[in-house]
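In what follows, a structure is listed as structure tokens, so that the remarks can point back to it.
Throughout, a chain's letter reflects where its sequence line sits, starting with A, and its residues are numbered from 1.
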Amino acid sequence: MMRSARWAWAGLLPLLIFLLAFEIAPIFKLVASALTADRGISFANFGRAMTPTMTLAFANSMALSFVSALGGTVLGAIVAYAIITSRRSATRNALTALADVTANFGGAPLAFAFIITLGSTGVVTLLLKEVGINLYPAFRIYSIGGLALAYLYFQLPLAVLLMIPALLGLRGELREASTSLGATKSQYWSRVAIPILRPSLLGCFFLLFANAFGAYATAWTLTGSSVNLVTVQIGSLVRGEVQFDPALADAIAALSLLVMMICVAAYQLLVRNNGATGK
Amino acid sequence: MAVVGFFLVFMIVPVVATALFSVSVRWDRSIWPEGLTGQWWVKVTSKSAFKSSLANSLFVSVGTVFLSLVLVAPTAYWVHTRLPRIKPLVELLAILPFGLPGVVLALGLIRLYSGVPLPIINTANILIASYVVITLPFMYRAVMNALEAIDTKTLSEAAQSLGANHWLIFIRVIMPNVSSGVVNGCLLVFSAAFAEFALANLLVGTRFKTFPMYLVEFTRFDARQASALAFMSFVFAWIISLSILWVVGWRGQPTRGAGQEKPT
């Protein structure tokens, strides 16, 4: 019995050792060196991370993540609702498949597709010019607003996929019951449906927020380093493009890790509390 | 219906535009492409860097799938059948990469291993290892979902009573029963590893050029050839996604969802 229990633990060792080496240890090393200044533990590195450039990077990343997560969640929920209420099953399947497929499009190819589509000589830009709408110079795809649009491209299908199960859990009887009690359509949504969906919506929002906050390839391909984002800043510190200051990079990375952890924890809590819509 | 229309247009136009751009002679002055040509495709695919970056990406992705399969699938089985008490701990470790941006992981790995005389930093090995980490949620969740859907206890006991040992049970009894989950996990891991850019760019840089790195390089100087590469990536992601849908079955509800965004 003893021997068998010990063997059972041994079965975990390969993965545990691997994760210790490539997941846990790097995170600990980062946090430890972020917290280490000249003598022992200190928050000095975090203080130094609060330069105007870095606070702007955090503000930009937060704003971009917030806008694309909010837009993604709201539009995603509406699209998901449109999908599940469409009458023909072929339409439902085709649209779900489209969301499935496009949720995988991201990074460099996506950024480039947006340059082709909405760049200064992009296809849609030219098309709109033809009908008398000049996007440029008021709009630029290489700006933070353009990035938000590109981010929405991968946020939207992800939100659709996350919201479909939640909306399917919204039982039709509730609607019938509230209608028979005299509730209007808007009352049904504001008093019944939205409160039930709130945990799923919030969970979806936090996941999308974290998703956008950690994104790098899309921003890097679309704007180079011209838009000041946290991941772009860390990236350029890793590549040694700016000043050599490893402790500063560690502090920024530790801070962004904190943001991510809050988001993921919030997502876990909110989704878990809502059993009906859990994965 | 307007909502669905917006969704369709927003999702499809960038891909179609990229495809058309990659076969047009010129398309930046007039509303329609000025003539069609296959020359950008021929040009971009005939370069030796195209073949080597494709080979590099395939090597890293296959390596990641293999290592992930060897490390994660048996552990998931082991935890599920022998150590259900520590399931929450393993779950936590498996979910952690969702909150770990590639850029941050890259920095952590460089900090940890840059001074260590191991053949890790600046090689494909570190990429494979880090890809196993970032794709861990996909593989773990896919395998665990499949395991939870079958009655492993009865199956194992039946096999045991017929004289099978643990390995035999795992390979010959459990694996075939969870194969669709495992294949699903492998496809997700493969496509995420194939498209990953941040870790590749920061950990190995130009010393080991992967397909996404080759694409980003092209976007800086040749739009048409870059659009051919971008469209190839789209088609590739498309094929993988459809294979996943095919594996899990069209009726199945989206078991994926969370975290496919990692390659961004």
Side-chain angles (χ1 to χ4, degrees), chain A residues 8 11-12 14-15 18-19 22-23 25-27 29-30 33 78-79 82 93 95 97-98 100-109 112-114 116-117 121 123 126-127 130 154 158 161-162 164-165 207 210-211 214-218 221 231 234-235 238-239 249 253 256-257 260-261 264 279, chain B residues 3-4 7 11 13-15 17-18 21 27-28 31 71-72 75 78-79 82-83 93 96-112 129-130 133 191 195 197-198 202 212 215-216 219 226-227 230 233-234 237-238 240-242 245 250 253-254 257-258 260-261 263-264:
Chain A
L12 288 180
L15 185 67
F18 177 83
L19 290 182
F22 296 104
E23 183 183 347
I27 298 174
K29 173 78 182 173
L30 257 186
S33 61
I78 296 171
V79 173
N93 283 339
L95 289 170
L98 178 69
D100 255 310
V101 170
T102 46
N104 277 328
F105 291 171
F112 193 70
F114 269 87
I116 296 298
T117 315
T121 56
V123 177
L126 289 177
L127 211 67
E130 204 72 9
F154 59 76
L158 185 63
L161 292 180
L162 290 171
I164 283 178
L207 192 78
N211 191 22
Y216 171 72
T218 308
T221 312
T231 44
I234 298 173
V238 172
R239 293 163 63 92
S256 59
L257 212 51
M260 302 293 283
M261 289 304 155
V264 174
K279 279 202 296 180
Chain B
V3 176
V4 171
F7 181 62
M11 289 290 134
V13 163
V15 182
T18 308
F21 195 82
W27 194 8
D28 51 6
I31 185 160
L71 279 174
V72 183
T75 312
W78 200 252
V79 171
R82 301 292 302 276
L83 296 161
L93 283 173
L96 206 56
F98 271 150
L100 192 61
V103 177
V104 174
L105 181 63
L107 185 63
L109 286 168
I110 291 170
R111 282 285 172 278
L112 194 61
S130 60
V133 171
S191 61
F197 174 74
L202 301 177
L215 165 61
V216 171
T219 62
S227 62
S233 313
F234 281 146
W238 199 48
I240 294 279
S241 309
L242 290 177
L245 287 177
W250 289 82
Q253 65 172 33
Q260 303 175 333
E261 65 294 348
T264 59

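The minimum heavy-atom distance linking A:Thr231 with B:Val103 is given by the pair O-CG1, 3.7 Å. When every heavy atom of A:Ala108 is checked against every heavy atom of B:Val216, the shortest pair comes out as CB-CG2, 3.4 Å. For the pair B:Leu93 and A:Glu23, the tightest heavy-atom approach, listed with the atom from each and the gap, is O-OE2, 3.0 Å. Annotation for A:Phe105 and B:Ala237: closest pair CE2-CB, 3.4 Å, computed over non-hydrogen atoms.
The shortest side-chain heavy-atom distance between B:Leu109 and A:Lys29 does not fall under the 4.5 Å cut-off. Taking the side chain as every heavy atom from C-beta outward, B:Ser241 and A:Asp100 never approach each other to under 4.5 Å. At least one side-chain heavy atom of B:Leu215 sits less than 4.5 Å from a side-chain heavy atom of A:Pro109. Contact check for B:Leu107 versus A:Pro26: no side-chain heavy atoms found under the 4.5 Å cut-off.
The contact between A:Thr221 and chain B is made by backbone and side chain atoms together, counting heavy-atom distances below 4.5 Å. Heavy atoms of A:Ala210 lying under 4.5 Å from chain B are absent altogether. Only the side chain of A:Thr102 has a heavy atom closer than 4.5 Å to any heavy atom of chain B. The contact between A:Ile234 and chain B is made by backbone and side chain atoms together, counting heavy-atom distances below 4.5 Å.
Partners of A:Phe22 by ring-ring contact (aromatic ring centres under 6.0 Å, His included), not counting sequence neighbours, listed by chain and number: A:Phe18, B:Tyr113. Legend: residues meeting side-chain hydrogen bond (donor to acceptor under 3.5 Å, both in side chains) with A:Ser33, ordered by chain and number and at least two apart, are A:Asp250.
Note on A:Ile27, A:Val264, A:Leu95: by heavy-atom pairs under 4.5 Å with chain B, the leading option is A:Leu95.
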